[in-house]
Amino acid sequence: MNYQKLDAPLSLALNEAQNSKEQSLEIFIHTEPVVDSNAIAVLESLGVKDVTCGKDVFTATLVPTAISQLSEQPWVKSLRLSQQLHLVNQRKGMGSFRI
C-alpha cells in the first residue's frame with residue numbers, strides 16, 4: 001500500500017476495516033488522464049464504472065485490497081474517502097440564529 005496517495009480519512013477507515021471483517025469503502029480516485037488500455041483494464045477489473053479515455057476522476061466502492069492495488073499504480077495520483085454531505089441550512093437549526 002502506498003500511503004502517500006491516501007488522504008487521512010481514508011487511511012483511518014482502512015485501519016478500521018482491517019480490524020474488522022473486510023468492508024467496502026466509497027472513494028474518489030484521482031488519476032492521470034486515462035489513455036492507457038492497461039489502466040482502463042485495471043480500473044474495470046476492480047469494478048470501477050464509467051471508465052472512459054481521457055477521464056481523470058472516478059468514484060467507486062472498493063474493498064481494502066483493491067484500494068491497496070490502486071495505490072501502487074503509477075498513474076494513480078491520489079485516493080480520497082467519499083464523505084456524506086449535509087445541507088448547511090437545515091430547517092431544524094434555523095430557529096437558533098437571529099439577526
Problem - Between CG on residue Leu25 and CZ on residue Arg80, distance to nearest 0.5 Å - result: 15.0 Å
For residues 28-40, please give each side-chain donor-acceptor pair under 3.5 Å, one per line with the distance, not counting sequence neighbours.
| from | atom 1 | to | atom 2 | distance (Å) |
| --- | --- | --- | --- | --- |
| Thr31 | OG1 | Asp56 | O | 3.4 |
| Asp36 | OD1 | Asn38 | N | 3.1 |

Practice task
Search all heavy atoms of Leu81 against all heavy atoms of Pro9 and return the closest pair with its distance.
Solution key: CD2-O, 3.7 Å
Fill in the blank from the handout: salt bridge (Lys or Arg N to Asp or Glu O under 4.0 Å) filter on Lys55, not counting sequence neighbours, yields Asp50
Practice task
For Lys5 and Val76, indicate whether the former's side chain and the latter's backbone hold a donor-acceptor pair under 3.5 Å.
Solution key: yes
Exercise for the section: Report yes if some heavy atom in the side chain of Leu14 is under 4.5 Å from a heavy atom in the side chain of Met1; otherwise report no. Expected result: yes
Exercise for the section: Take atom CD of Glu72 as the centre, draw a 6.0 Å sphere, and report whether it contains more than 12 heavy atoms from other residues, nucleotides or ligands. Expected result: yes
Fill in the blank from the handout: Rounded to the nearest 0.5 angstrom, the CD1-CG distance for Ile67 and Leu6 is 8.0 Å
Exercise for the section: Return the minimal non-hydrogen interatomic distance between Asn2 and Ser71, and the atom names on each side. Expected result: N-OG, 2.9 Å
Problem - Spacing of OH belonging to Tyr3 relative to CG belonging to Leu10, to within rounding of 0.5 Å - result: 9.5 Å
Problem - Atom pair CD/OG of Gln4 and Ser78 - distance to nearest 0.5 Å - result: 12.5 Å
Problem - Check: Trp75 and Leu70 side chains under 4.5 Å, non-hydrogen atoms - result: yes
Handout entry: Heavy-atom side-chain proximity of Ile27 to Thr59 below 4.5 angstrom
Key = no
